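Numbered from 1 within each chain, the chains take letters A, B, ... in sequence-line order. Please read all numbers here as calculations on a predicted model, not as lab measurements.
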Number of protein chains: 2
Amino acid sequence: MIRRGYRELMATDAVTPMGTVSFRLGLLGVAQDALYATRLAGLGLKPKHVALLCVLRLRGAESQMELAGLLGVAPSLVVLLADHLEERGAIQRVRDPADRRRQSLRLTETGLRLLASATEVAAQLDEELALSLPAAEQAALNAALDHLLGRAPDRISAPE
Amino acid sequence: MIRRGYRELMATDAVTPMGTVSFRLGLLGVAQDALYATRLAGLGLKPKHVALLCVLRLRGAESQMELAGLLGVAPSLVVLLADHLEERGAIQRVRDPADRRRQSLRLTETGLRLLASATEVAAQLDEELALSLPAAEQAALNAALDHLLGRAPDRISAPE
DNA sequence: CGCGGTCGTGCAGGATTTGAATGATTCGCC
DNA sequence: GGCGAATCATTCAAATCCTGCACGACCGCG
C-alpha cells in the first residue's frame, strides 16, 4: 500500500454513499414524499394524513396510541392529524365504551372517498414514474418494496 | 353497477395508496432518511450535508447557486450547510477569481475522509437492508434506483 | 459611469414534530 | 372495595428545519 496524496485520491473511483441503496432510497423517497405532498394539496391533506387513513382502512386501530406506534410518530401528532381529519369529516372520534380513555377512530364514507382520491393521486404519480422506468424494473421495485415494508398492512412506518 | 352501502365497501378490496409504488417509496424513503440521519449523528452531519459533499465529489459545482439547483434546495440553505461543513473543515470557501461574487467550494482531505465515513454508515445500512431482502431483489432495487435517479451523478434531487 | 441582473448572506417567519405537563380513566393489588 | 400506579388523549412550549425576502457586493453591457 502506497501513501496516497490528494491528487491520487481524486483519481480513484469516487467513494460516496451514492453507491449505496439506502442513501439513494432516502434521497428518492424524500423527493417522492414531497412531490406527493404538493399533488395532495388540492385535497387538503398531507402524506401523513393519508397514512393514517390507510391504517384505519387496512387494519383499524384500537386507540390513537396504537396508531402512533404503527405510524412511527408521537401520540401528540396523531391528535393533530386526527383533528384535521375530523374537521374534514373523514373520521369520527368515538369514545371506546369498554375503555373510556381511548378514542376509536372510525372512517366515515367521506373519509373513504377522500382516501380513494388520495389513491388516485398516487396512481397518477405511478404512471409518471412508469415513463422513466421499464415495466420489468417497476415490477421488481414493487416486489422489493413489498419485502421491505413487511407486506403486512400493519407496519406503515419504518422497519426497526 | 349496484349502489353499494358502507358495509359492502368495507368488504371489497381495500382502495388505498398502499397499492402504489410511489406512496410506499415515499414512506420507505422518508423512514430511511430519518434512520440514516440518526446513524450519522456521530459524525455531526445530516443527510443533506452528505448530499452536498457527494455533489462536490462527483461533479463539483461552479457556485453555491448551482449547488442549490442540484440539491433542490433554497440557496440560503446551501449557505447554512456550507457554513457547517466549513466549520468542520470538510470544505473550503474560495472566492472565484474570475467572478468574485461566487464562492468555489473545495473539498478538503478532511471532507474526503468524512465522506468516506458517511459512506461507511450507509453501507452498514445496506447490510441491514439485505437481511430482509433477497439478493436478487436488492439488485433489482438497485437498478430501479439507478434508472429513477437518472444514473447521472448530476441530479441529486428529485427528477422533475 | 450607471443600471439591471446575479451571487452569497442574514434574518424573520412558517411549518412540522417532539417531549413534558395535565386531567380523566382504568387496572393491579391488597 | 379502595388506593396508588399506569395508560390514554390532549395541550402547550420549544426545537428543528427550511423558505422567502431584503441587502450588499459584484459583474457586464451600453
- Find the distance Ile91(A):CD1 to dA9(D):P and express it as a whole number of Å. 12 Å

- Task: With the side chain counted from C-beta on, respond yes when Asp96(A) and Ser63(A) share a heavy-atom pair under 4.5 Å apart, and no when they do not.
- Result: no

- Query: Just how far, in rounded Å, is C1' of dT26(C) from CZ of Arg95(A)?
  - Reply: 13 Å

- Answer with base, sugar-phosphate or nothing: what part of the nucleic acid does Ser63(B) contact at a heavy-atom distance below 4.0 Å? sugar-phosphate

- Item | side-chain N/O Arg102(A) vs dC8(D) OP1/OP2, d < 4.0 Å | yes

- Note on the structure: With the side chain defined as heavy atoms from C-beta on, Gln64(B) is closest, among dT18(C), dG8(C), dA9(D), to dG8(C)

- Task: Can you tell me the distance, in whole Å, between the CG atom of Asp96(B) and the C1' atom of dG8(C)?
- Result: 13 Å

- Query: Taking Ser22(B) for the side chain and Ala122(A) for the main chain, is one N or O donor matched with an acceptor at less than 3.5 Å?
  - Reply: yes

- Item | Donor-acceptor pair (no angle test) under 3.5 Å: Ser76(B) side chain, dG20(D) base | yes

- Query: OP1, OP2 of dC8(D) versus side-chain N and O of Gln103(A): anything below 4.0 Å?
  - Reply: no

- Query: What does Leu80(A) touch in the nucleic acid at a heavy-atom separation under 4.0 angstrom: a base, only the sugar-phosphate, or nothing?
  - Reply: base

- Message: Between C1' on dC12(D) and CG on Asp83(A), what's the gap in Å once rounded to a whole number?
- Response: 14 Å

- Message: Distance check needed: dG8(C) P versus Leu105(B) CG, whole Å only.
- Response: 8 Å

- Message: Nearest to the side chain of Leu77(A), heavy atoms from C-beta on, is which of dG8(C), dC18(D), dT18(C)?
- Response: dT18(C)

- Presence of Lys46(B) side-chain N/O under 4.0 Å of dT16(D) phosphate oxygens OP1/OP2: no

- For Leu40(B) and dC17(D), what is the distance between atoms CG and P respectively, to the nearest whole Å? 12 Å

- Item | Closest-nucleotide 5' rank along DNA chain D - winner of Pro97(B) and Ser104(A) | Ser104(A)

- Report yes if a donor N or O on one partner sits less than 3.5 Å from an acceptor N or O on the other, where the partners are the side chain of Arg100(A) and the base of dT25(C); otherwise report no. no

- Check the side chains of Gln64(B) and Arg93(B) for a donor-acceptor pair under 3.5 angstrom, ignoring hydrogens and angles. yes

- Measure up the Phe23(A) and Tyr36(B) rings against each other and bin them: parallel (under 30°), tilted (30 to 60°), perpendicular (over 60°). perpendicular

- What is the distance, rounded to the nearest whole Å, between atom CG of Leu81(B) and atom C1' of dT16(D)? 14 Å

- Supply the atom-to-atom distance Leu71(B) CG to Leu81(B) CG, rounded to the nearest 0.5 angstrom. 7.5 Å

- Message: From CE of Met65(A) over to C1' of dT26(C), roughly how many Å is that when rounded to an integer?
- Response: 14 Å

- Query: Between Arg101(A) and Pro75(A), which is nearer to the 5' end of DNA chain C once each is assigned its nearest nucleotide?
  - Reply: Pro75(A)

